[in-house]
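What follows is a set of notes on a single structure, which appears directly below.
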Number of protein chains: 2
Amino acid sequence: MMITDSDQARPIPEPTLRRLPTYHHFLKTLEAEGREAVSCSTMGRELNLDPTQIRKDLAMTGITGRPKIGYVVTDLIGAIESFLGWNDIQQAFLAGVGNLGAALLGYQQFNRYGLDIVAAFDTDEAKIGRQVQGKEVMPLSKMADLARRMHVHLGIITTPAEHAQYVADQMVAGGIEAIWNFAPIVLSTPEHIIVQDEDLFSSLAVLSRRLRTRLQAMQ
Amino acid sequence: MMITDSDQARPIPEPTLRRLPTYHHFLKTLEAEGREAVSCSTMGRELNLDPTQIRKDLAMTGITGRPKIGYVVTDLIGAIESFLGWNDIQQAFLAGVGNLGAALLGYQQFNRYGLDIVAAFDTDEAKIGRQVQGKEVMPLSKMADLARRMHVHLGIITTPAEHAQYVADQMVAGGIEAIWNFAPIVLSTPEHIIVQDEDLFSSLAVLSRRLRTRLQAMQ
DNA sequence: TTGTTCTCGATATAAAATTCTCGATTTAAC
DNA sequence: GTTAAATCGAGAATTTTATATCGAGAACAA
């Protein structure tokens, strides 16, 4: 019987998933330099991580290394990409063409990481019909219907907090399976919907607290 | 002897810090609705979190609740804000006026969360001298010196990965204490510098993997 | 060939975070 | 008053995550 990573009984730890892109990026630079192989010890030194932790993370992708050598760089990159599903590109809709929404629309890099934002939606009449980063902004009212017809499974919410729940409801109505939510609220969605929150303020809180503690210690 | 939260011997768990803004935002909406008090059970139901976990998180801020009642909403908001240092506003420099950098420059909300981006820097001649979101873009070469003269302690990096390390070095040279890093690389900085990484791709990885697993399960 | 060094991978241990349990306390209803 | 319901706060138990240990395998130098 063939063993694939989807046979894994236990879900992948989220900390592991969050570290994989770090490895991926580092490996890409190694690849660009022409490095053939790399060990966890080397990576650990560069990335300030425990080598054992890296080894366990990488093992999750199903790849195996060789004693004394480590892992083949290109294989490792491929393993991470296929593990994360970055090979088959997902089409996505984005709702909320403000500062952040426009920024995400312009992130060409996403195309290399499994994500293609194919359309943007907003309720602001001034924005509808205009092109932002080369993508046309359409009325939010058309989103659900279009999502269903185009079989789009992924939605990105970059609206203000107060509109995020409505947008999420529309996405669910349109048959969207997963939501990348940049609004700082907890969305209420059916059980089966995958929601990934990306809250800038969470990150800012960690930073603020540390800096405050530091500055206070210095008086 | 007065006990303040800075007397805490043990560092605050990062997961706790990351959840505090979630509570804060929820409490703000309660406040707007005129709610006087709230219990952990109520919050837990709304935010899909364990009430005990919320209770422990809130206890970190030093606030105390009352049985049967819960916490006073406005007190709680104040406790979180002062705990995170969101009351005294930090001036910050931002380097890298691309899509994301420009978006952050336009985030007026930051002013209410202890952050004021006072200047932006870039190496692109086409951007230098221009106003972005009402803030003038200056040459990166002037950043370190200005940081020192203006006593700016916080730097935000929104450059492409390949320039992030150089920018970080400049920030450190300018006496900056803390860096909010949006570039997807691990910065190498002196021990005492606080670095908070905000990697969109980490978040995307979690989402990608879950969606891939889901779609695969459905064939 | 033989010994040395490096690294993987499995297992064990430790630390951190979450969840559960329960007594004490307060409010509000009876 | 007395009782019932709700909730806090402290501590225990569980789960998850991170780190340490160690044997075996592979490359390389002598």
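By convention in this document, chain letters (A, B, ...) are assigned in the order of the sequence lines, proteins followed by strands, and residues within each chain are numbered from 1.
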query: Going 5' to 3' along nucleotides 2-11 of chain C, which nucleotides have protein heavy atoms under 4.0 Å from the base (write B), which only from the sugar-phosphate (write S), and which from neither (write -)?
result: ---BBBBB-B
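A side-chain donor from one of B/Gln165 and B/Asp169 sits under 3.5 Å from a side-chain acceptor of the other. Donor-acceptor pairing under 3.5 Å is recorded for the side chains of B/Thr16 and B/Asp57.
Note: CG (B/Leu49) to C1' (C/dA17) measures 13 Å, nearest angstrom. With rounding to whole Å, A/Gln53 atom CD is found 18 Å from C/dA14 atom P.
Listed here is the closest heavy atom pair of B/Ala178 and A/Leu207: CB-CD1, 3.9 Å.
Close approach of DNA chain D to chain B, defined as any atom under 4.0 Å from a non-hydrogen atom of the protein, starts and stops at D/dA5 to D/dA12.
In summary, of the residues considered (B/Ile63, B/Thr64, B/Ile80), a side chain to side chain contact (heavy atoms under 4.5 Å, CB included) with B/Asp75 occurs for B/Ile63 alone.
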Listed pairs under 3.5 Å, donor-acceptor, residues 183-201 of chain B side chains, sequence neighbours left out:
residue: B/Asp197; atom: OD1; partner: B/Asn181; partner atom: ND2; Å: 2.8
residue: B/Glu198; atom: OE1; partner: A/Ser203; partner atom: OG; Å: 2.6
residue: B/Asp199; atom: OD1; partner: B/Phe201; partner atom: N; Å: 2.9

- request: Starting from the C-alpha separation in whole Å, work towards a yes-or-no answer on side chain to side chain contact (heavy atoms under 4.5 Å, CB included) for A/Glu14 and B/Arg210.
  value: CA-CA 10 Å; A/Glu14 180 159 330; B/Arg210 296 216 176 119; 3.2 Å; yes
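Proximity of A/Val38 to A/Glu46: side-chain heavy atoms (C-beta onward) are nowhere separated by under 4.5 Å.
The structure places CH2 of A/Trp86 at 12.5 Å from CZ of B/Arg212, a figure rounded to the nearest 0.5 Å.
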